[in-house]
Amino acid sequence: MSLSALSLSSLPQRVQTPSYDRLHHAPGVVHLGLGAFHRAHQAMVFDQLLSGGDTRWGIHGVGMTRPDLVNQLAAQDGLYAVRVADGQGVKWQVPGALWRTSVATTGRDAVVQAIAAPSTRWVTITVTEKGYTPALAQLLLDGLRLRQQAGLSGITIASCDNLQGNGHKLQALVKAAAASQDSEVLSWIDAHCAFPCSMVDRIVPAATPEVLAAAQESLGVKDHCALSTEGFWEWVIENRFADPADVALLQSAGVRVTPDVHSYEEAKLRMLNGSHTAMALMGAVTGRPFIASCIGAPHIREFVFRLMGQEVSPHLSRSDWADYRTALIARFGNPYLKHSVHQIATDSSQKIPQRWPPSVMGQIAQGAAFEHHALAAAVFVRYTLGVDEQGQAYALNDPQAESLMAMGAAQRTTPEACVLALLAREDLWGSALPRHADWIARVTHWHQQVLQHGVDQAAQQLLLTQA
């Protein structure tokens, strides 16, 4: 038997399941980007609101490109199990907020109609950094135009991706998609819709056979969409909503509503995401499969601890950064989260510009050392070889994979020229770092150490010299 609405009643009593009516209400949320993260984060917040009796938070989930996942979820009536596991223990939950599904590439009109539906009051978005395209903007604009033409209320459109000022970027993208005849709908959007900035935080690895097997053992039914996550979660969202009454509702579910999202989002981008990228590249090159196996190595753990404390935190406005760092180190080591280094290294060329250069530029402005970021950058150069230190090949899953590997292939024969070529890319490092001689010199130095002695020995040497 598979997980479905019919099999819910057969699950063990210890498994939390939806107690609300999932059949007789229209969804109030359209979510674009129906991946693992959304299903183990915002969908569980909306499940909590639904469990409290507010029927307006059911989700119409939209897979942007993956019909296989959407079909699996549809076959299970939108149900899936989530293992929440950390040092406090393990529990299983089946959230029930996902009521309908579509695929944007094959059912675009259904998505536009969902955005324009009278019951829709929110659109949430997790399409990753590379998903903020004119096509996304046009999809939103087409739905909003239908709302305006029908005389419907405005909605809240919340980006939940790792982009600084994500709400502002999304709003600008939508406005840029408008044609000259769209002045009326643009005025309506400005008057009635809200694009809050937000920061979301929860580690949600891609599903693995181990998680699927554990779900079947714990639930007694097959679940092709089961996920594993940690107990920690955070959602910080700007106090900017189409319906101001949503503030109290979200706060009741544990969401932090604030006028200052920036301090939280910059801390997450540079501490969690920046460290994640550094560890993922180290793991890929050394052959360590998971983040937990990286942070479990004392020298990598100390490297990450110092990276955050010495080079990132001086440029943050989040006052509790030290407590946040302590929590991050513990979260990275969660043995239940088999978070693949290659999953996290995906799209590194899109992620690095957000995560590393701001801290490096901050250190330069203060005349302070940036050795940890220089080593991370050197490991990134080494990563572009596409083979680990044991000789095992791996794929670069990156929009720039072809150009990165073409440049990186030269590092065995002309390493300094290779480093110079990669550090010259302003799309990765911004406009200032490619011309900063000390930055180039330190990355070149650490790249030589990585090539000659390996990542682990280079990291250990850095810790000794920076003690």
Side-chain angles (χ1 to χ4, degrees), residues 269-271 273-286 294 297 299-316 325 345 348-349 351-385 389 400 404 407-467:
L269 273 168
R270 301 184 200 177
M271 291 182 72
N273 299 133
S275 298
H276 246 172
T277 294
M279 278 189 289
L281 297 170
M282 287 177 154
V285 172
T286 60
C294 293
H299 60 283
I300 296 181
R301 181 188 182 98
E302 184 64 19
F303 170 86
V304 170
F305 187 84
R306 292 192 197 177
L307 173 78
M308 290 192 278
Q310 295 177 10
E311 298 182 19
V312 178
S313 68
H315 318 291
L316 298 177
R325 177 178 64 176
S348 287
S349 70
K351 297 171 178 175
I352 285 172
Q354 305 270 344
R355 301 179 180 189
W356 294 350
S359 297
V360 179
M361 293 304 299
Q363 291 293 93
I364 290 171
Q366 294 182 1
F370 43 74
E371 295 294 295
H372 297 78
H373 280 94
L375 176 57
V379 176
F380 173 62
V381 178
R382 169 62 180 81
Y383 170 74
T384 63
L385 266 179
E389 292 175 351
Q400 301 292 330
L404 289 172
M407 287 184 178
Q411 62 191 290
R412 294 286 196 199
T413 52
T414 55
E416 288 192 31
C418 174
V419 172
L420 281 173
L422 277 168
L423 293 187
R425 291 184 55 155
E426 293 191 7
D427 61 324
L428 286 169
W429 311 106
S431 58
L433 282 181
R435 294 190 291 273
H436 196 275
D438 286 347
W439 165 252
I440 293 169
R442 296 317 296 161
V443 177
T444 301
H445 166 78
W446 288 116
H447 182 251
Q448 290 171 343
Q449 299 304 309
V450 166
L451 283 184
Q452 292 172 15
H453 306 294
V455 169
D456 288 339
Q457 195 167 327
Q460 290 164 345
Q461 181 186 340
L462 184 151
L463 297 178
L464 287 172
T465 57
Q466 296 293 301

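On a predicted model such as this, the values are computed, not experimentally measured, just so you know.
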query = Between CG of L423 and SG of C418, what distance do you get to the nearest 0.5 Å?
reply = 9.0 Å

query = Looking only at heavy atoms, which two atoms of S348 and T277 are closest? And how far apart?
reply = OG-CG2, 4.4 Å

key: Non-hydrogen side-chain atoms of L420 and T444 separated by less than 4.5 Å   = no

key: Pairwise side-chain contact, R412 with L451, heavy-atom cut-off 4.5 Å (strictly under)   = yes

task = Could you grab the distance from atom NE2 of H445 to atom CG of D438, nearest 0.5 Å is fine?
result = 13.0 Å

task = Could you check if a side-chain atom of V312 sits within less than 4.5 angstrom of a side-chain atom of H373, using non-hydrogen atoms only?
result = yes

ask   = How far does CZ of R306 sit from NE2 of H372, to the nearest 0.5 angstrom?
value = 5.5 Å

inquiry  = Walk me through whether I364 and L433 qualify under side-chain contact (heavy atoms from CB on, under 4.5 Å).
reply    = CA-CA 10 Å; I364 290 171; L433 282 181; 3.7 Å; yes

query = With side chains defined as the heavy atoms from C-beta onward, is the minimum distance between F380 and L428 less than 4.5 Å?
reply = yes

message = Is it the case that the side chain of W356 and the backbone of G274 share a donor-acceptor pair, with hydrogens and angles ignored and the cut-off at 3.5 Å?
response = yes

note = Interatomic distance, CD1@I300 vs CG@L463, rounded to 0.5 Å, equals 10.0 Å

key: Step-by-step side-chain contact (heavy atoms from CB on, under 4.5 Å) determination, R382 to E389   = CA-CA 10 Å; R382 169 62 180 81; E389 292 175 351; 3.9 Å; yes

request  = Locate the shortest heavy-atom distance separating P314 from G309; write the atom from each residue and the value.
outcome  = CD-O, 3.9 Å

key: Student check: side-chain heavy atoms of E416 and Q448 closer than 4.5 Å   = yes

query = What heavy-atom pair brings A377 and W429 nearest, and what distance separates the two atoms?
reply = CB-CH2, 3.8 Å

query = Taking the side chain as C-beta and beyond, is there a heavy-atom pair between L375 and Q449 under 4.5 Å?
reply = no

key: Over all atoms of both residues, closest heavy-atom pair of S359 and R355   = OG-O, 4.5 Å

ask   = Going by atom types only, do Q363 and H315 share a side-chain donor-acceptor pair under 3.5 Å?
value = yes

task = Measure across T384 and G408 and return the closest heavy-atom pair with its distance rounded to 0.1 Å.
result = OG1-CA, 3.2 Å

task = Would you indicate whether the side-chain heavy atoms of F303 and M282 approach each other to under 4.5 Å?
result = yes

ask   = Is there a side-chain contact (heavy atoms from CB on, under 4.5 Å) between R425 and L404 once you walk through the steps?
value = CA-CA 10 Å; R425 291 184 55 155; L404 289 172; 3.8 Å; yes

query = Just how far is it from atom CD1 of I352 to atom CG of N273, taken to the nearest 0.5 Å?
reply = 12.0 Å

Side chain proximity check, W446 to Q461, heavy atoms < 4.5 angstrom = yes

query = So, are R270 and E311 salt-bridged, with charged N and O less than 4.0 Å apart?
reply = no

query = Between CE of M308 and OG of S275, what distance do you get to the nearest 0.5 Å?
reply = 4.0 Å

